Amino acid sequence: MIKVLNSGGLGDSLMSFCKMKSSRCPFSLDIDSTKITHVEVPTTLLSAINQFYVTQDLLVEVKAIPSWDYYHEVLKHEFDHVLGSTWDGNRDKEDTGFATWEIEPFPDFKTPDVEHRRHDILVAVGAGRQANRKFKVSDIYGFDSKHKSHDYDIAYTGVVCDASYYSGLRKSNFINKLSSVVDLIGIILNAKIVISHAGFVTYLAAAAKKKVFCVSEGLPSDLRIHPEWQVEYIKTLEDVKL
């Protein structure tokens, strides 16, 4: 039995998935005889991480660990492969001590069947733990107003403030709180253009061959962007040129 360890948040799970789908992956042909474990410290992400793997028909044990010190000092030494989350694998050894390989930039994804209709453009306005992963409400209104004369089907998803605040948005379908990450995955994979801060949304969209406008978080997020992905960096929604 080959033992593989993944770690980190939802974006890291996407990068690990792309590594396991790579032709360079040494255990890709033995995936049925591979035990995959994904660990994370914040327990709030465990359900979402598990849902992602389930949508892609990948059996993974997702569990919490007490600390990253435990991960480095004890846990990772119990596995045959420890997957990092950079696109080329060169930086992974610095972090985990295990060398890895380049991701498959465009793996096949299974698209969940969701009720929401398809949208040309998905704007992930923000959610999660970090305030810097949110677009300003005024910028969202400005973006929507700017494109009111175009025949774009735009969806906004995320949690910035109460949904009633967005009642004035035109040419839009504001989806405030999705029932699960499964809904989010379905909406991303059905869109043509995705706009978001760096993270799971942008990585999944780019790997699914979508046009992506991405707000960078600096080196950590940039190391996840494969050079073949169609990603354009922006600072605000005003920078988006459709």
Side-chain angles (χ1 to χ4, degrees), residues 1-28 30-31 34-53 56 58-107 109 128-133 181 196-207 212 214-229 231 233:
M1 178 70 71
I2 301 170
K3 297 174 65 178
V4 177
L5 180 64
N6 306 337
S7 64
L10 198 51
D12 296 297
S13 68
L14 184 281
M15 298 302 292
S16 294
F17 175 81
C18 291
K19 282 186 183 290
M20 290 185 282
K21 292 299 181 179
S22 170
S23 60
R24 298 173 173 84
C25 177
F27 56 85
S28 60
D30 301 309
I31 197 69
T34 300
K35 178 176 173 54
I36 307 168
T37 302
H38 188 114
V39 297
E40 171 64 309
V41 175
T43 57
T44 54
L45 295 173
L46 297 182
S47 176
I49 293 168
N50 183 66
Q51 287 177 56
F52 166 67
Y53 286 125
Q56 303 308 309
L58 195 61
L59 182 61
V60 178
E61 180 185 13
V62 180
K63 63 182 183 180
I65 54 174
S67 69
W68 289 116
D69 286 340
Y70 169 76
Y71 167 85
H72 285 291
E73 295 171 8
V74 179
L75 187 63
K76 70 182 184 182
H77 304 292
E78 301 175 359
F79 289 79
D80 301 305
H81 298 278
V82 177
L83 303 188
S85 57
T86 62
W87 72 265
D88 65 352
N90 288 338
R91 297 274 183 139
D92 292 337
K93 191 171 184 179
E94 296 178 17
D95 180 48
T96 68
F98 286 73
T100 62
W101 49 89
E102 182 178 338
I103 66 169
E104 166 53 52
F106 303 111
F109 291 104
R129 297 164 293 169
Q130 301 186 40
N132 63 339
R133 285 189 177 179
V181 74
S196 179
H197 288 70
F200 174 75
V201 173
T202 51
Y203 307 152
L204 174 60
V212 174
C214 172
V215 179
S216 171
E217 289 191 327
L219 188 60
S221 64
D222 295 347
L223 290 174
R224 291 167 171 78
I225 302 296
H226 193 281
E228 293 183 34
W229 287 353
V231 175
Y233 286 115

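Since this is a predicted model, take the numbers as computed values, not measurements.
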*Asks:* Apply side chain to side chain donor-acceptor pair (under 3.5 Å) to His72 and list each qualifying residue two or more places apart in sequence or on a separate chain.
*Replies:* Lys76
*Asks:* Find the distance between CG (Leu58) and OG (Ser13) and round it off to the nearest 0.5 Å.
*Replies:* 10.0 Å
*Asks:* Excluding sequence neighbours, so at least two apart, what forms side-chain contact (heavy atoms from CB on, under 4.5 Å) with Thr96?
*Replies:* Tyr71, Val82, Phe98
*Asks:* Can any side-chain N or O of Trp229 pair as donor or acceptor with the backbone N or O of Pro105 at less than 3.5 Å?
*Replies:* yes
*Asks:* Could I get the full list of ring pair (Phe, Tyr, Trp, His ring centres under 6.0 Å) partners for Phe52, not counting sequence neighbours?
*Replies:*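 Ring pair (Phe, Tyr, Trp, His ring centres under 6.0 Å) list for Phe52, sorted by chain: Phe17, Phe200.
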*Asks:* Nearest 0.5 Å, what's the OH-CG distance between Tyr203 and Leu14?
*Replies:* 9.0 Å
*Asks:* For residues 81-91, which residue pairs qualify under salt bridge (charged side-chain N to carboxylate O under 4.0 Å, His left out), counting only residues two or more places apart or in two chains?
*Replies:* none
*Asks:* Looking at CD of Glu40 and CG of Leu10, how far apart are the two atoms once the value is rounded to the nearest 0.5 Å?
*Replies:* 10.0 Å
*Asks:* Is there a side-chain contact between Thr202 and Val231 (heavy atoms, below 4.5 Å)?
*Replies:* no
*Asks:* Evaluate the criterion side chain to side chain contact (heavy atoms under 4.5 Å, CB included) for residue pair Ile36 and Tyr53; output intermediate values, then yes/no.
*Replies:* CA-CA 11 Å; Ile36 307 168; Tyr53 286 125; 5.7 Å; no
*Asks:* According to ring pair (Phe, Tyr, Trp, His ring centres under 6.0 Å), who are the partners of Phe79, at least two apart in sequence or on a separate chain?
*Replies:* none
*Asks:* What residues form a side-chain contact (heavy atoms from CB on, under 4.5 Å) with Asp222, not counting sequence neighbours?
*Replies:* Ser216, Tyr233
*Asks:* Should the heavy atoms of other residues, nucleotides or ligands under 6.0 Å from CG of Leu59 be counted, would the total exceed 12?
*Replies:* no
*Asks:* For residues 60-70, pull every pair meeting side-chain hydrogen bond (donor to acceptor under 3.5 Å, both in side chains), keeping only residues two or more places apart or in separate chains.
*Replies:* Lys35-Glu61
*Asks:* Who pairs with Ala99 by side-chain contact (heavy atoms from CB on, under 4.5 Å), at least two apart in sequence or on another chain?
*Replies:* Lys93
*Asks:* So, using side chain to side chain donor-acceptor pair (under 3.5 Å) as the criterion, who are the partners of Asp80 when residues are at least two apart?
*Replies:* none
*Asks:* Nearest heavy-atom pair of Ala198 and Ser221: which atoms, and what distance?
*Replies:*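 Answer, listing the atom of Ala198 first, then Ser221: CB-CB, 3.5 Å.
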*Asks:* Would you give the length of the straight line joining atom OG of Ser7 to atom CD1 of Ile65, rounded to the nearest 0.5 angstrom?
*Replies:* 7.0 Å
*Asks:* Which heavy atom of Phe106 sits nearest a heavy atom of Ala206, and at what distance?
*Replies:*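 So the two residues come closest at CE2-O, 3.6 Å.
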*Asks:* Once side chain to side chain donor-acceptor pair (under 3.5 Å) is applied, do any residues pair with Ser85, and if so which ones, sequence neighbours excluded?
*Replies:*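 Counting only residues at least two positions away or on another chain, Ser85 forms a side chain to side chain donor-acceptor pair (under 3.5 Å) with Asp12, Arg224.
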*Asks:* Answer yes or no: is there a donor N or O on one side and an acceptor on the other, between the side chain of His38 and the main chain of Gly8, under 3.5 Å?
*Replies:* yes
*Asks:* Are side-chain heavy atoms of Val4 and Thr37 found at a separation under 4.5 Å?
*Replies:* no
*Asks:* Report, one line per pair, each donor and acceptor closer than 3.5 Å where one atom sits in a side chain of residues 18-25; sequence neighbours left out.
*Replies:*
{"residue": "Lys19", "atom": "NZ", "partner": "Thr86", "partner atom": "O", "Å": "3.0"}
{"residue": "Lys19", "atom": "NZ", "partner": "Asp92", "partner atom": "OD2", "Å": "3.1"}
{"residue": "Lys19", "atom": "NZ", "partner": "Thr100", "partner atom": "OG1", "Å": "3.2"}
{"residue": "Lys19", "atom": "NZ", "partner": "Trp101", "partner atom": "O", "Å": "2.8"}
{"residue": "Ser22", "atom": "OG", "partner": "Arg24", "partner atom": "N", "Å": "3.0"}
{"residue": "Ser22", "atom": "OG", "partner": "Glu102", "partner atom": "O", "Å": "3.0"}

*Asks:* Applying side chain to side chain donor-acceptor pair (under 3.5 Å), name anything that partners Ser47, two or more places apart in sequence or on another chain.
*Replies:*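 Scan of Ser47 (side chain to side chain donor-acceptor pair (under 3.5 Å), adjacent residues dropped) gives Gln51.
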*Asks:* Could you tell me the separation between the CG atom of Leu5 and the CG atom of Leu75, rounded to the nearest 0.5 Å?
*Replies:* 5.0 Å
